[in-house]
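The block underneath contains the structure these notes are about, expressed in structure tokens.
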Amino acid sequence: MSDHVPAERAHLPLYDDTNRLKLGTFATNVSNGMSISQAPTSYEVTWSHTVGLARQAEEMGLDMVVPIGRWRGFGGETNFNGECFETYTWAAGLAQATERIMVFATSHVPVIHPILAAKQAATIDHISGGRFGLNLVMGWFKPEMEMFGATQREHDERYRVGEEWLSIVRRLWTEDEPLTVDGEFYSAVDAESWPKPLSRPHPVVMNAGSSPAGSDFSARNADISFVTVDDPATAEPMVSGFKRMAFEQYGRRPKLFSGAFVICRDTEAEAQDALREILDGGDRQAARNLMSILGVQSRSFGDILAQESAEDRFIAGWSAPTFIGTPEQIAQRFVDITDIGVDGMVLGFHDYAEELAYFDKNVMPLLKQAGIRA
Ligand SMILES: Cc1cc2nc3c(=O)[nH]c(=O)nc-3n(C[C@H](O)[C@H](O)[C@H](O)COP(=O)(O)O)c2cc1C
């Protein structure tokens, strides 16, 4: 496959070459977002607030809104993430409420049937005029899968289920003939799905698997893959290694994204104070619950979980790299990460509305000056 972008995708912010670093918000559909803390915030899970944040992101020129796929909370005083808008319906609502920004759903493979997923995605793609994207997660949170009476499969097998699931979805999106499948995990008889999505060849697919099985799935299937870049100075081999692997093994060039939790203030001291406030308000029980399940069920967080500061890293940003500092310092992190070949970032904030406004006023102009945003 070449870098060729089909005409039906050329309108998408993801393929807009003027913005070298794509930017999106993450987790604005779940209570407490990426912040396991009771520190004061205007953030809440109400429809008006979540729509407001999507419009705010669109107005400041961001490229996408990506939700967390979540079905239950993590306990503790906050029942962290326990209020969670279902993501296909969330995306459908936001598609109607916005005009340019890409809207994603985050789909748990084991609990959504592929025919339903294909059709919901096609419907949202029509509502949005071809701006829909699908983030695929295999489901690492066992109690969540058990809510559905679903089996929590062995880690790598989850990706084999995902492969078969996505193959059905992709064929329903792209093929005109009825589809009969007698697979290892799914079967279908004369399945059809009309209308086809507007996006061609199909809506953008995102995946954040990072274990060997997860990266391989992502390289084979995703249009957007994720790596975790803690330090741009040392991460270049990982970034170029993933891109090389995807191209050499599968002839594919997925965009490579990373996540970050941003705390940006006028001075470093103020940014550190804001971090301290989040940690002081931390819901440590919820963080521990999350970490203990994650340690058993996922293969990708071992290094972070072993760190002494792991609990703090989860409280302030769900263990994502934290970008803490002044607008100049944060802008430099974005430039450094772009320079090593990262194509985009999804961002979390403790107080999205307030901090996006600050980011727009103080960081976006620096990103434009540096030439990574238009
Ligand atoms: C940016 C990002 C977003 C993610 N979103 C979700 C999500 O919404 N729901 C979920 O259950 N897992 C989510 N995950 C976890 C991944 O799906 C995946 O399970 C995790 O990265 C572990 O990778 P592995 O399965 O390759 O071990 C996310 C991970 C990242 C880095």
Side-chain angles (χ1 to χ4, degrees), residues 22-34 64-74 80-82 84-88 90-91 104-112 133-148 150 152-163 165-166 205-222 224-230 235 238 242 254-262 290-291 293-305 313-314 317-321 342-348:
K22 316 300 175 211
L23 290 174
T25 58
F26 183 55
T28 61
N29 67 313
V30 289
S31 51
N32 299 88
M34 293 171 75
M64 60 188 68
V65 287
V66 182
I68 288 201
R70 190 88 298 135
W71 299 96
R72 66 177 302 144
F74 291 96
F80 176 61
N81 283 177
C84 35
F85 282 133
E86 189 284 318
T87 69
Y88 286 93
W90 179 84
F104 279 75
T106 296
S107 188
H108 276 93
V109 159
V111 300
I112 308 281
L134 188 58
N135 180 24
L136 291 184
V137 292
M138 305 302 134
W140 58 267
F141 185 18
K142 193 166 176 229
E144 194 164 61
M145 296 301 103
E146 287 171 348
M147 275 171 59
F148 290 83
Q152 179 65 307
R153 295 176 188 276
E154 183 277 321
H155 179 276
D156 289 3
E157 188 176 77
R158 291 176 221 159
Y159 284 99
R160 288 201 289 121
V161 175
E163 195 79 43
W165 187 97
L166 183 58
V205 171
M206 172 185 275
N207 175 260
S210 52
S211 57
S215 298
D216 193 63
F217 175 90
S218 203
R220 260 201 317 270
N221 294 300
I224 301 176
S225 301
F226 274 82
V227 285
T228 298
V229 177
D230 270 317
M238 174 177 64
F242 177 84
K255 302 268 186 206
L256 201 51
F257 275 40
S258 188
F261 184 69
V262 179
L290 192 163
M291 288 163 66
I293 295 165
L294 198 59
V296 179
Q297 295 292 330
S298 167
R299 295 251 168 101
S300 304
F301 290 83
D303 293 350
I304 295 171
L305 289 167
R313 276 198 64 163
F314 276 87
W318 220 121
S319 85
V342 171
D343 303 299
M345 307 262 324
V346 292
L347 309 176

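Values reported hereafter were calculated over all heavy atoms of this structure, with side chains retained and with hydrogens, waters and symmetry mates removed. Source: prediction; values computed, not measured. For ligands, and for the atoms within them, numbers begin at 1 and follow the listed sequence.
Using a 4.0 Å cut-off between heavy atoms, Ile68 contacts ligand 1 through both its backbone and its side chain. With a 4.0 Å heavy-atom cut-off, ligand 1 is reached by no atom of Phe257. Residue Arg70 touches ligand 1 through its side chain alone, judged by heavy-atom distances below 4.0 Å. Contacts between His155 and ligand 1, counted as non-hydrogen atom pairs separated by less than 4.0 Å, involve the side chain only.
You'll find the side chain of Tyr159 reaches within 4.5 Å of the side chain of Ser211, heavy atoms only.
In terms of polar-atom proximity, defined here as any N/O pair under 3.5 Å, Gly139 makes no such contact with ligand 1. For ligand 1, one of its N or O atoms has an N or O atom of Ser211 under 3.5 Å away. Taking any N or O of Tyr159, backbone or side chain, at least one lies under 3.5 Å from an N or O belonging to ligand 1.
By the 4.0 Å heavy-atom criterion, Phe226 is counted among the residues contacting ligand 1. For Phe217, the heavy-atom gap to ligand 1 stays at 4.0 angstrom or more. Residue contact check for ligand 1: Glu144 places no non-hydrogen atom closer than 4.0 Å to it. Residue Ser210 places a heavy atom under 4.0 Å from ligand 1.
Ligand 1 places these atoms under 4.0 Å from at least one heavy atom of Ala208: 2 (C), 21 (O), 29 (C), 30 (C), 31 (C). Atoms of ligand 1 found under 4.0 Å from any heavy atom of Gly214 (numbered from 1 in listed order, with element): 26 (O). Close approach of ligand 1 to Thr106 (heavy-atom distance below 4.0 Å) involves ligand atoms 7 (C), 8 (O). Remark: ligand 1 atoms within the under-4.0 Å shell around heavy atoms of Phe26 are 3 (C), 4 (C), 5 (N). In summary, the atoms of ligand 1 found under 4.0 Å from a heavy atom of Gly209, numbered by their order in the structure, are 23 (O), 26 (O).
Electrostatic pairing of Arg158 and Glu154 does not count as a salt bridge here, judged by no charged N lying under 4.0 Å from a carboxylate O. Taking a cutoff of 4.0 Å between a charged side-chain nitrogen and a carboxylate oxygen, Arg160 and Asp156 do not qualify as a salt bridge.
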Query raised in the report: Can you list the steps and then say if Phe257 with Val227 is a side-chain contact (heavy atoms from CB on, under 4.5 Å)?
Result: CA-CA 6 Å; Phe257 275 40; Val227 285; over 6 Å; no

Report task. Just do the side-chain contact (heavy atoms from CB on, under 4.5 Å) check on Thr25 and Val66 with the steps written out, would you? Result -> CA-CA 6 Å; Thr25 58; Val66 182; over 6 Å; no

Requested in this report: Run the numbers on Gln152 and Glu146 for side-chain contact (heavy atoms from CB on, under 4.5 Å), then give the verdict.
Outcome: CA-CA 7 Å; Gln152 179 65 307; Glu146 287 171 348; 5.8 Å; no

Report task. Apply side-chain contact (heavy atoms from CB on, under 4.5 Å) to Val161 and Met138, showing your working. Result -> CA-CA 8 Å; Val161 175; Met138 305 302 134; over 6 Å; no

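Tested against Phe74, the residues Asn81, Leu294, Asn32 include a single side chain to side chain contact (heavy atoms under 4.5 Å, CB included) partner, Asn81.
Of all heavy-atom pairs between Ile68 and Phe26, the closest is CG1-CZ, 3.6 Å.
The aromatic rings of His108 and Trp71 lie tilted to each other, with the angle between the two planes from 30° to 60°.
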